[in-house]
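So the structure is just underneath, and the comments pick up after that.
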Amino acid sequence: MIDFSLLNPEQRAAAEHVEGPLLVFAGAGSGKTRVITYRIANLIQNHRVYPGSILAVTFTNKAAEEMKSRLGRLMGDQAKGLWVGTFHAICARLLRESGRVIGVEPNFLVYDDSDQVDVIKQILKSLDIDEKQFPARQISYAISRAKEKLLGPEEFEKKAFEFFDRVVARVYPRYQEALQLANALDFDDLLLKMIQLLQHDAQILERYQDRFRYILIDEYQDVNYAQYILVQLLAKKHHNLCVVGDDDQSIYSFRGAEVELILRFQKDYPEAVMIRLEQNYRSTQPILDAAFSVVSQNRSRAPKRLWTERTEGMPLTLTRAQDDSDEAQLVADYLQRQVLKGDRTYGDFAVLYRTNAQSRSFEDAFRRNRIPHRIVGALRFYDRKEIKDLLAYLRLIVNPDDAVSFRRVINAPPRGIGAQTQQTIQAHAAIINGSLWDACQDETFEKRLSPRAKQALGHFTKMIEELRQQAHSLSVTALVKNALERSGYWHHLQMEGTTEARDRIENLMEFMNVVAVFEETSEDKTLLAFLQHASLVSDMDSVQEQGNEVLLMTLHTSKGLEFPVVFLVGVENGILPHSRSETPRDIEEERRLCYVGMTRARDELHILYAQARRVYGDFRWSQPSPFLKALPEEELIPLHRVMYSSTSAYQGISPAILRALSQEEYDPFTETEAFGEERADIRDPVSPESLLFLPGQRVNHAKFGFGIVIRTEPAAQGDYYVTVMFSGATGLKTILASTGLLKGA
DNA sequence: TTCAGGAATATTTTT
DNA sequence: TATTCCTGAA
């Protein structure tokens, strides 16, 4: 039996809802996943719903995994047979099951964005369109947006009036043909084809409607139009649709997400029950208040406000830094102190920023200060060149007609098949109206090549052909090994001997681990199954294990996570909101981004901005973000005040006391005083250089002379002991940092 | 064919 | 400032 007593009344109402549409507004940290899992458990255990008739859709694999494991914990084997997965994974699975009737072969592979761009580049070349004027990326983006709106090439063509769109309209149909030829679907196609399938065949539609009697969509504020239509189709018959989301956390409109769709839910389903989860189990009240004051400036949002039982808490800090490196140094100083005092460990902190480029100054500062840290999500595992190359080999083994993979590996590593030869292949393929692979196999083709190229190409095709043969008998692990060896890829990397090559080799070995795990856990152990699996998981959760390190990430990647202490940095006009956001709609999304960042914080939230920063090389002045004007000013203190106050137990002390610690009133919006002066003024009494000692550092003592710091350990009252090895006969001594007898040397 | 150096370019990125 | 992509010389 499920114990509902752990839920608050609203959570419980949502979890106990059985029939009919349900809309749950689940604010940040409101226990959303708990509600979802309890509701599913309730359906199965108390209402005898067959697990296989429940469909739970998420946006990320991580969320899907999380849900599965929590369901498993809650009810063990009873959760078996549930459909839990991302939109894309579920569509892929269903299309393999019954996509044939609309011409989708079950062995299709999925093209990711860089594959798309590659295809489009080729098309641009063949159409003689200038890539400078019409970048492949932008065209691919335009096609993707069209598909999200369910516009096929013909429909798009009819609506394409602008110059750029006219070009897109020429590329789009060819792009589709190219995918068809390679038996590939892109991410958007997975949804598009699924919808086509359901609209094409009433029987199949009804079969799926009956199969998925209970549908649950997580993060509903992020659905795009295609996903919305798909959900409508599936839920049409039984109306047992539960959507969970938070319009305040909609930050993916550039990927096609439409907030309006969650706000419209009650119009779509007038009988829908609406529940708001407003109790927050994560942050302190000051943090929630500040976050609310920011996001409530938005005009288009459903009314709601988070509250918590954690009414006491450290007030936010708002700090103006001199420039970006000063900003990073301030953060480094602050967190280093907390760790030295024993109040926190490195893993308690997260630095959140708007753009990836901002990570640089923090990396520099953290490295300088020997602060363990990790940048999250900058380069995804499957986006690495070596991994993509290897995957291309594997895809080519499964399907030699895959043009993208063919081009990718034909000369990687360099094997003497250069641009000239590749062009010849391309041209011949066009003549015989076949794939690149077909062209190489064609008898009349060889005459067109130089002997040298002929030999090189012969080696290549023979190698692929042999690997293809082996695919029937060998395990994926063995195939991967063979592919790396036979292709010369492995050897090539080994020869290079650079650190970079070493990294690549390491990544490839990590990849082999992934393969091994797949072979252990998957039922279908074929290479095809592996590729299909790999194309839908990008983040590789397995290598993301936590260490005790400060995490750095963009605001986007921070969604769904939480940290004891959050530094929200670079909160400046032009960065947050970003200068590229123009319309009021854009600005509202930027504000939500700010809100998402703020609500990641459990105990402490520190907001920083710089007066100037280096942008693409040159210095530029910045202004604080207009979003900050919404913050309750009387609650704000700059970080220096907290840092250099003699009170160690800053946690839990009242805002009044903290304010009293500061000598003067602090107004974050006046730009009058010279910052340098203010800074010196604050730092002088106890500058960080004089109090912060790290192992390995050289120091000078008033009496003992020179020495090297061996270790530091927390003492009372925020102070700490520094153990130093002094030169000469003095040897080891332990000195209390606050005595001020030690100086950096 | 390859590789080195110069020009162009630089939000966010669940799948 | 860094990175990527493209062009021209060896």
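Here is how names work: the chains are called A, B, and so on, in the same order as the sequence lines, proteins then strands, and each is numbered from 1. For the numbers below, each heavy atom of this structure counts, side chains included, while hydrogens, waters and symmetry mates do not.
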Rounded distance [0.5 Å steps], CD in A:Glu148 versus CD in A:Gln227
7.5 Å
Spatial distance of atom OH (A:Tyr382) from atom OG (A:Ser114) [nearest 0.5 Å]:
14.0 Å
Would you mind reading off the distance between [X] atom [atom1] and [N] atom [atom2], rounded to a whole angstrom?
X: A:Phe381; N: B:dT14; atom1: CZ; atom2: P; value: 16 Å
X: A:Glu65; N: B:dT14; atom1: CD; atom2: P; value: 16 Å
X: A:Glu582; N: B:dT12; atom1: CD; atom2: P; value: 16 Å
X: A:Phe59; N: B:dT14; atom1: CZ; atom2: C1'; value: 8 Å
X: A:Leu352; N: B:dT12; atom1: CG; atom2: C1'; value: 14 Å
X: A:Arg380; N: B:dT13; atom1: CZ; atom2: C1'; value: 7 Å
X: A:Gln116; N: B:dT15; atom1: CD; atom2: P; value: 15 Å
X: A:Asn61; N: B:dT14; atom1: CG; atom2: C1'; value: 9 Å

For atom P, what is the distance between C:dC5 and B:dT12, given to the nearest Å?
15 Å
Taking the same atom, C1', in C:dC6 and in B:dT11, what whole-Å distance lies between them?
25 Å
Report the residues that fulfil side chain to side chain donor-acceptor pair (under 3.5 Å) with [X], sequence neighbours left out, ordered by chain and then residue number.
X: A:Tyr225; value: none
X: A:Gln138; value: none
X: A:Arg591; value: A:Asn298
X: A:Arg613; value: A:Glu327, A:Glu572

Using modelled atom types only, decide if a donor and an acceptor are shared between the side chain of A:Gln358 and the backbone of A:Arg354 within a distance under 3.5 Å.
yes
Which pairs, protein N/O on one side and nucleotides 7-11 of chain B N/O on the other, fall under 3.5 Å?
from: B:dT11; atom 1: OP1; to: A:Tyr616; atom 2: OH; distance (Å): 3.1
from: B:dT11; atom 1: O4'; to: A:His578; atom 2: NE2; distance (Å): 3.2

Which of residues 243-262 of chain A have a heavy atom under 4.0 Å from DNA chain B?
A:Tyr252, A:Phe254, A:Arg255
Syn or anti for B:dT12, given that syn means the glycosidic angle lies within 90° of 0?
anti
Given A:Asn107, which partner from the list A:Asn399, A:Leu528, A:Leu531 fulfils the side chain to side chain contact (heavy atoms under 4.5 Å, CB included) test?
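Passing option: A:Leu528.
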Any residue meeting ring pair (Phe, Tyr, Trp, His ring centres under 6.0 Å) with [X], in chain and number order, not counting sequence neighbours:
X: A:His533; value: A:Phe518
X: A:Phe212; value: A:Trp83
X: A:Phe627; value: none
X: A:His556; value: A:Tyr252, A:Phe254

Check whether any side-chain nitrogen or oxygen of A:Thr557 sits under 4.0 Å from OP1 or OP2 of B:dT14, and answer yes or no.
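The answer is no; no side-chain N or O of A:Thr557 sits under 4.0 Å from OP1 or OP2.
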Just so I know, are the side chains of A:Leu551 and A:Val351 near enough to count as touching, which here means a heavy-atom distance under 4.5 Å?
no
Under a 4.0 Å threshold between the charged nitrogen and the carboxylate oxygen, would A:Arg301 count as salt-bridged to A:Asp247?
no
Between protein and nucleic acid, restricted to nucleotides 1-5 of chain B and to nitrogen or oxygen atoms under 3.5 Å apart, what atom pairs and distances do you find?
from: B:dT1; atom 1: OP1; to: A:Gln420; atom 2: N; distance (Å): 3.2
from: B:dT1; atom 1: OP2; to: A:Gly418; atom 2: N; distance (Å): 3.0
from: B:dT1; atom 1: OP2; to: A:Thr421; atom 2: OG1; distance (Å): 2.8
from: B:dT2; atom 1: OP1; to: A:Gly416; atom 2: N; distance (Å): 3.2
from: B:dT2; atom 1: OP2; to: A:Asn411; atom 2: ND2; distance (Å): 3.0

Where chain A begins and ends its contact with DNA chain C, read 5' to 3' at 4.0 Å from heavy atoms:
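Contacts span C:dT1 to C:dA2, reading 5' to 3'.
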With DNA chain B as reference, determine whether A:Ser535 or A:Ala357 sits nearer its 5' end, using the nearest nucleotide of each.
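By nearest-heavy-atom nucleotide position, the 5'-most residue is A:Ala357.
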